[in-house]
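None of the values given here were measured: they were computed from a predicted structure. Here is how names work: the chains are called A, B, and so on, in the same order as the sequence lines, proteins then strands, and each is numbered from 1.
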Amino acid sequence: MKHKTLKGLQDILPPDISIWHHIEKTAANIFKSYGYHEIRLPIMESTEVFKRSIGETSDIVEKEMYTFQDKGGRSVTLRPEGTASFVRAYVEHHLHNNPPPQKYYYTGPMFRYERPQAFRYRQFYQIGAEAMGIEDPKLDAEIISMLSRILDSIGLKGLNFEITSIGCKECRPDHKIALKNFLGSKLDAFCSDCRRRYDTNPLRILDCKVPACIELRKGSPPVLDYLCKECKDHFDSLNKYLKLLKVPYRVNPNLVRGLDYYTKTAFEVSSENLGSQSAVAAGGRYDSMVKEFGGPPTPGIGFAMGMERVIPLLKDVIEISDGPELLICPLDNAASEKGLHLAELLRAKGLWVEINHEITSLKSQMRKANRISAKNVIVLGDDEINSHKIVVKSMIDKVEKESKLDADQIAAILQQRS
RNA sequence: GUGAGUGUAGCUCAGUUGGUUAGAGCUCCUGACUGUGGCUCAGGAGGCCGGGGGUUCGAAUCCCCUCACUCACCCCA
């Protein structure tokens, strides 16, 4: 084979595409009910947009970005996530001049140069939502509830909702110091990954799956104990509101975010059926990001959901079967021409109609009707054209109904049956 | 970036200690059944056995290299 998709990229073909449509449609309806508007952003930004927001030392920026020079010598990057682009657009178009909360959602491809793995691709699709301008934890509860509703409505069950607070600029450093003090004394006993994390991202050690590390980190200073009053009140209220909204969740103080811009609330939805890539959706608050992008101080909160994580979970649940309302089976050339015209008239009424353009035995045409899951067939031959009468046969229950060779009447029968 | 596994038909996979022209099931096309489907039967189409090199009278099979894919680590949605 001469050409193939690049590593970690994939073609999305029918019938899988109908799952995508199902998810996108369902999400769009729920977004609408919460007042979220769609925005479409470019898939490329100036590299600085991501470096500044995601964090220079994060793995994403350090080794996973598709960064290159355009012909004008500018460093540009294929977006590895949506929030940074969104905040750039928010500031650029002065969206803060609209009454808060301003609520937006987006969908589209993201790019990260990673080794592909089950449920992990280099080009992957996210549906994300961002709500701006409100600091109150009621907004946190609302957006988490919305996410829960979306996942539920598309048909996913048995997901784990976890939340925590990772503090703010004031209190987070205190916790980090306390954590490093605690871990530092016995660092040699940890796995090599954890020893490396101690310098790069000590919080990650709390997430390590190596049994020895789990044992060693017992008794480490909990994040939630180090929250400043403001962060603690915020988190307490969020818990109250989530209970009020009956969102099923649990607190996981070891939840870690890979991006630097998060503050206070962090949340994650995971599944046990995704191998090692358990995250289905995740998000959090980012109260200082707009200011860092040069806008007025504006709090924000958002999440992103990974399509490639959701779809495999859905494949077991959702049934995909799709076929035309009608297949026209002509027996000779004259009938074929008549059928061609009839098909157009029916399609003009919005019906999905197929016609066999090549004349083969009636038997094989009927077989084809089965294969393409046609719901009804009509046979067109001399008899039908001379008598101007046809039979609409249901392929599902074999019921035959006589009709005039007339698009209106045929359409009425098809609509009655669907 | 690190480690392991797998590459044979469109798909799922057989292929014995190396031995004629590489097989099966599903799918696709045709017919049995000449104007009514799903079953059955028969026939047909479809292969650089991932690629290159080596050993051998002879390689899908053994050896070396390479490429691709998959899974896991890492990281993350």
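Figure legend: A:Arg122 and A:Tyr113 shown as a cation-pi pair, the cationic atom lying under 6.0 angstrom from the six-membered ring centre and within 45 degrees of its axis. Judged by the 6.0 Å and 45° rule, A:Lys180 forms a cation-pi pair with A:Tyr198.
Judged by distance alone with a 3.5 Å cut-off, a donor-acceptor contact links the side chain of A:Arg120 to the base of B:C75. Side-chain atoms of A:Gln117 and base atoms of B:C74 include a donor and an acceptor less than 3.5 Å apart. Looking at A:Arg371, its side chain has no donor and acceptor atom pair within 3.5 Å of the base of B:U27. Taking only distance into account, the side chain of A:Glu62 never meets the base of B:G1 through a donor-acceptor pair shorter than 3.5 Å.
With both ends at atom C1', the span from B:U21 to B:G15 equals 15 Å, rounded to whole Å. Taking the C1' atoms as reference points, B:C74 lies 22 Å from B:U6, given to the whole Å. B:A14 and B:G47 have their C1' atoms separated by 15 Å, with the value rounded to a whole Å. Straight-line distance between the P atoms of B:G18 and B:A9: roughly 23 Å, to the nearest whole Å. When the P atom is used for both B:C48 and B:U30, the distance is 25 Å, rounded to whole Å. Annotation: B:G1 and B:U66 have their P atoms spaced 15 Å apart (nearest Å). Taking atom C1' on both nucleotides, B:A45 is separated from B:G51 by 27 Å, rounded to a whole Å. Of the C1' atoms belonging to B:C62 and B:U17, the separation is 12 Å, rounded to the nearest Å.
Not a single donor-acceptor pair under 3.5 Å links the side chain of A:Asp225 to the backbone N or O of A:Pro221.
A 3.5 Å limit on both hydrogen-bonding distances identifies B:G5 as the Watson-Crick or G-U partner of B:C69. Shown here, B:C48 forms no base pair; nothing in the strands shown gives a Watson-Crick or G-U wobble contact with both key distances under 3.5 Å. Across the strands present, B:U56 finds no partner; the criterion is a Watson-Crick or G-U wobble pair with both atom distances under 3.5 angstrom. Checking B:A42 for Watson-Crick or G-U wobble geometry (two distances, each under 3.5 Å) identifies B:U30 as its partner. Across all strands shown, B:U21 forms no Watson-Crick or G-U wobble pair with both distances under 3.5 Å.
The residue A:Ala282 sits close only to the backbone: its heavy atoms come under 4.0 Å of sugar-phosphate atoms, none of a base. Residue A:Val379 is classed as a base contact, given a heavy-atom separation below 4.0 Å to a base. Within the 4.0 angstrom heavy-atom criterion, no nucleotide atom of any strand lies near A:Glu358. A:Asp59 comes within contact range of the sugar-phosphate backbone alone, with a heavy-atom separation under 4.0 Å but no base atom that close.
For the pair A:Glu114 CD and B:A77 P, the interatomic distance rounds to 10 Å; values are reported in whole Å. Spacing between atom CD1 of A:Ile385 and atom P of B:G35 amounts to 15 Å, rounded to whole angstrom units. Distance A:Lys363 NZ to B:G31 P: 11 Å, rounded to the nearest Å. Atom C1' of nucleotide B:C75 and atom CG of A:Asp207 are separated by 11 Å, given to the nearest angstrom. Spacing between atom NZ of A:Lys7 and atom P of B:U70 amounts to 7 Å, rounded to whole angstrom units. The distance from atom NZ of A:Lys375 to atom C1' of B:G38 is 17 Å, rounded to the nearest whole Å. Rounded to a whole Å, the NZ atom of A:Lys63 is 11 Å from the C1' atom of B:C73. Rounded to whole Å, the distance from CG on A:Asp332 to P on B:U34 is 17 Å.
With a 4.5 Å cut-off on side-chain heavy atoms, A:Leu255 and A:Leu206 do not count as touching. With a 4.5 Å cut-off on side-chain heavy atoms, A:Glu215 and A:Lys218 count as touching. Using a 4.5 Å heavy-atom cutoff, the side chains of A:Pro80 and A:Leu78 are not in contact.
Mapping A:Glu81 and A:Asp193 onto RNA chain B via the closest heavy atom, the residue that lands nearer the 5' end is A:Asp193. Mapping A:Glu268 and A:Val377 onto RNA chain B by nearest heavy atom places A:Val377 closer to the 5' end of the strand.
At a threshold of 4.0 Å, the pair A:Arg149-A:Asp152 does not count as salt-bridged, since none of the basic side-chain nitrogens sits closer than that to a carboxylate oxygen.
At B:C74, one or more side-chain N or O atoms of A:Arg197 fall inside 4.0 Å of OP1 or OP2 (strictly under the cut-off). OP1 and OP2 of B:U30 both lie 4.0 Å or more from every side-chain N or O belonging to A:Ser361.
Of the candidate nucleotides B:C74, B:G37, B:G35, B:G35 has the atom nearest to the side chain of A:Glu384. Among the nucleotides B:G35, B:G38, B:A77, the one closest to any side-chain atom of A:Asn370 is B:G38. Taking every side-chain heavy atom of A:Arg115 into account, B:C71 is the closest of B:C71, B:U36, B:C75. Considering only side-chain atoms of A:Arg367, the nucleotide from B:A72, B:C75, B:G31 that sits closest is B:G31.
For the residue pair A:Tyr36 and A:Ala131, the shortest heavy atom distance occurs at OH-CB, 3.5 Å.
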